[in-house]
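Each ligand, and each atom within it, is numbered from 1 in the order the structure gives. Residue numbers run from 1 in the order of the sequence given.
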Amino acid sequence: LSSNHPTDLKQLHLPGSNRRVLLIERPHGVPQPAHFRIEEDARPHPAPGEFLVRNLYLSVDAAQRGWATDANNYSQAVPLGATMRALTVGVVVESRASEVTEGTWLYGWFGWQDYCVATPAAILQPVDPKRAPPSTYVGILGMNGLTAYLALMDIGQPRAGETVLVSAAAGGVGTVVGQIAKLLGCNVIGLVGSDDKARTCRERFGYAEALNHRRADLAEALRVACPKGIDVYFDNVGGTLLDLSLRNMAARGRVIQCGTVSHTSWSPTPTGLRNEREILVRRLRWEGFIIFDHVHRFPAATAQLLAWLDEGALTYEEDVSQGIESAPRALAELYAGDNIGKKLIYIG
Ligand SMILES: NC(=O)c1ccc[n+]([C@@H]2O[C@H](COP(=O)([O-])OP(=O)(O)OC[C@H]3O[C@@H](n4cnc5c(N)ncnc54)[C@H](OP(=O)(O)O)[C@@H]3O)[C@@H](O)[C@H]2O)c1
């Protein structure tokens with residue numbers, strides 16, 4: 001799909017104006033279209049030390065909900081009226097920064113907009129369109145794949161023969177976790193929102209079993225799928241699925257807290273079961289993970305993911321929307337579970 005998009009600078013469409021997706025209202029839950037407005041300005045020009053990126057692939061990340069709110073997050077909230085913070089892949093079309101050359105492809109903090117004037121500090125990774133389709137650098141080679149790999153290895157420390165449970169298993173992060181855990185010889189079980197996703201997880205993404213988290217007999221089905229208990233829980237959702245998983249952990253199991261997409265709101269603080277006894281009695285470890293603590297490891301981790309892609313040991317799926325007009329509704333769609341694999345927007 002996205003690999004058919006042009007990568008030659010001369011073939012790229014360079015609009016004369018800049019459309020930006022502004023955050024205009026602070027969401028108290030999942031961002032909806034009304035929280036954003038698209039505005040059109042003149043195409044900007046870089047000052048000395050800056051460069052201009054033409055964005056082509058806008059990432060849609062569950063994490064953007066946190067960036068848009070001012071409640072309990074690890075980063076500063078996007079100011080109201082500002083361009084929505086987003087990771088993107090784009091091409092440098094004008095440069096007044098000595099270390100950045102025109103025609104270079106980059107993955108970085110360039111926002112939901114056609115063009116971004118940036119400094120080198122906004123760059124997360126270089127992109128080599130000859131090595132892999134540029135879209136993959138916002139997905140399996142970007143935040144989603146890097147999080148899947150580093151969090152699983154660092155905190156999960158999965159060993160061959162162990163059982164690994166993954167929630168949001170059919171999503172951008174989950175599809176990569178499943179495959180890597182399978183490569184390591186684990187028995188991988190997924191939690192997903194539909195039977196269709198469960199089938200895709202089993203057929204394409206390394207899952208021995210995938211369970212629809214909406215089924216009424218989920219507790220029993222999880223017990224049957226994990227007869228020796230769960231050794232590693234890669235948790236993308238929190239809430240009641242975490243409560244249930246904790247009651248099925250094996251002794252000395254590890255819980256990776258990667259995300260909390262099931263929380264409808266973070267304020268007031270969500271309440272639920274008390275799980276201390278599960279953690280104590282089962283001697284569990286429970287650790288949070290934030291990918292941006294690990295930026296210095298991106299080159300090595302990307303090289304590993306690329307090697308697996310080259311060997312055919314990893315595959316990926318992209319859910320690509322067309323045009324910047326799709327950005328304001330994209331997070332609502334992601335949280336509704338419309339996507340299989342990485343959700344992104346092509347604006348070339
Ligand atoms: N900590 C970090 O550094 C870091 C970095 C990247 C991503 N993440 C986290 O990784 C997770 C996945 O992110 P992503 O961007 O790749 O999104 P994603 O998994 O592609 O999409 C989110 C998925 O969450 C599922 N979901 C939504 N509401 C749910 C609920 N109430 N219960 C269970 N599942 C629900 C939906 O799938 P179903 O249809 O299967 O329900 C949806 O497709 C998110 O929690 C994100 O915050 C964390």
Nearest non-hydrogen protein atom to atom 13 (O) of ligand 1, with distance, is A62 CB, 3.8 Å
Geometric class of the F289/H294 ring pair [parallel <30°, tilted 30-60°, perpendicular >60°]: parallel
For atom CD of Q76, is the number of surrounding heavy atoms from other residues, nucleotides or ligands below 6.0 Å larger than 12? no
For residues E317 and T175, is any side-chain donor paired with an opposing acceptor at under 3.5 Å? no
Should the pair E287-R285 be classified as a salt bridge under the 4.0 Å nitrogen-to-oxygen rule? no
Short list, please: which atoms of ligand 1 are under 4.0 Å from a heavy atom of G193? 38 (P), 39 (O), 40 (O), 41 (O)
Proximity winner for atom 29 (C) of ligand 1, if only heavy atoms of V173, D338, N144, V261 are counted: V261
Taking only heavy atoms of K197 into account, list the atoms of ligand 1 that are under 4.0 Å away from them. 37 (O), 38 (P), 39 (O), 40 (O), 43 (O)
Between D319 and K342, is the closest basic N to carboxylate O distance under 4.0 Å? no
What residue and heavy atom of the protein are closest to atom 43 (O) of ligand 1, and at what distance? N339 OD1, 2.9 Å
Proximal ligand 1 atoms for V237, defined as those under 4.0 Å from one of its heavy atoms: 33 (C), 34 (N)
Return the closest protein heavy atom for atom 23 (C) of ligand 1 as residue, atom name and distance. A168 CB, 4.0 Å
Note the single closest protein heavy atom to atom 8 (N) of ligand 1, along with its residue, its atom name and the distance in Å. C258 SG, 3.7 Å
A student checking ligand 1 against V192 at a 4.0 Å heavy-atom cut-off should list atoms 40 (O)
Given salt bridge (Lys or Arg N to Asp or Glu O under 4.0 Å), test D154 with R254 step by step and report yes or no. CA-CA 11 Å; D154 285 7; R254 288 81 71 198; over 6 Å; no
Side chain, backbone, both or neither: which applies to T147 and ligand 1 if a contact is any heavy-atom pair less than 4.0 Å apart? side chain
At under 4.0 Å between heavy atoms, which part of H213 makes contact with ligand 1: side chain, backbone, both or neither? side chain
Do the side chain of R214 and the main chain of G193 share a donor and acceptor less than 3.5 angstrom apart? yes
Got a salt bridge between E325 and R19, using NZ or NE/NH1/NH2 to carboxylate O under 4.0 Å? yes
Which ligand 1 atoms does I291 reach within 4.0 Å, using its non-hydrogen atoms? 2 (C), 3 (O)
For the pair N55 (side chain) and G90 (backbone), establish whether a donor and an acceptor sit closer than 3.5 Å, ignoring hydrogens and angles. no
For atom 2 (C) of ligand 1, what's the nearest protein heavy-atom neighbour? Residue, atom name and distance, please. F289 O, 3.6 Å
Counting both backbone and side chain atoms, is some N or O of I290 under 3.5 Å from an N or O of ligand 1? no
Nearest-contact summary for atom 11 (C) of ligand 1 - protein heavy atom, Å: N236 OD1, 3.4 Å
State yes or no: are the ring centers of Y149 and W308 separated by less than 6.0 Å? yes
Heavy atom of the protein closest to atom 36 (C) of ligand 1 (residue, atom name, distance): G337 CA, 3.7 Å
Relative to the heavy atoms of G172, which atoms of ligand 1 are at a distance of less than 4.0 Å? 16 (O), 18 (P), 19 (O), 20 (O)
Do the two ring centres, one from W67 and one from W112, sit under 6.0 Å apart? no
Determine, step by step, whether D196 and S194 satisfy the side chain to side chain donor-acceptor pair (under 3.5 Å) criterion, reporting the C-alpha distance in whole Å, the side-chain angles of both residues, the deciding distance to 0.1 Å, and the verdict. CA-CA 5 Å; D196 202 33; S194 73; 5.3 Å; no
Starting from atom 42 (C) of ligand 1, which protein heavy atom do you reach first, and at what distance in Å? L334 O, 3.2 Å
With heavy-atom distances below 4.0 Å as the criterion, list the atoms of ligand 1 near S262. 30 (C), 31 (N), 32 (N)
At less than 4.0 angstrom from any non-hydrogen atom of Y335, what atoms of ligand 1 do you find? 27 (C), 28 (N)
G171 backbone acceptor or donor facing K197 side chain under 3.5 Å: no
Would you please determine whether A170 falls within less than 4.0 Å of ligand 1 on a heavy-atom basis? no
Return yes when K343 approaches ligand 1 closer than 4.0 angstrom through a heavy atom, no otherwise. no
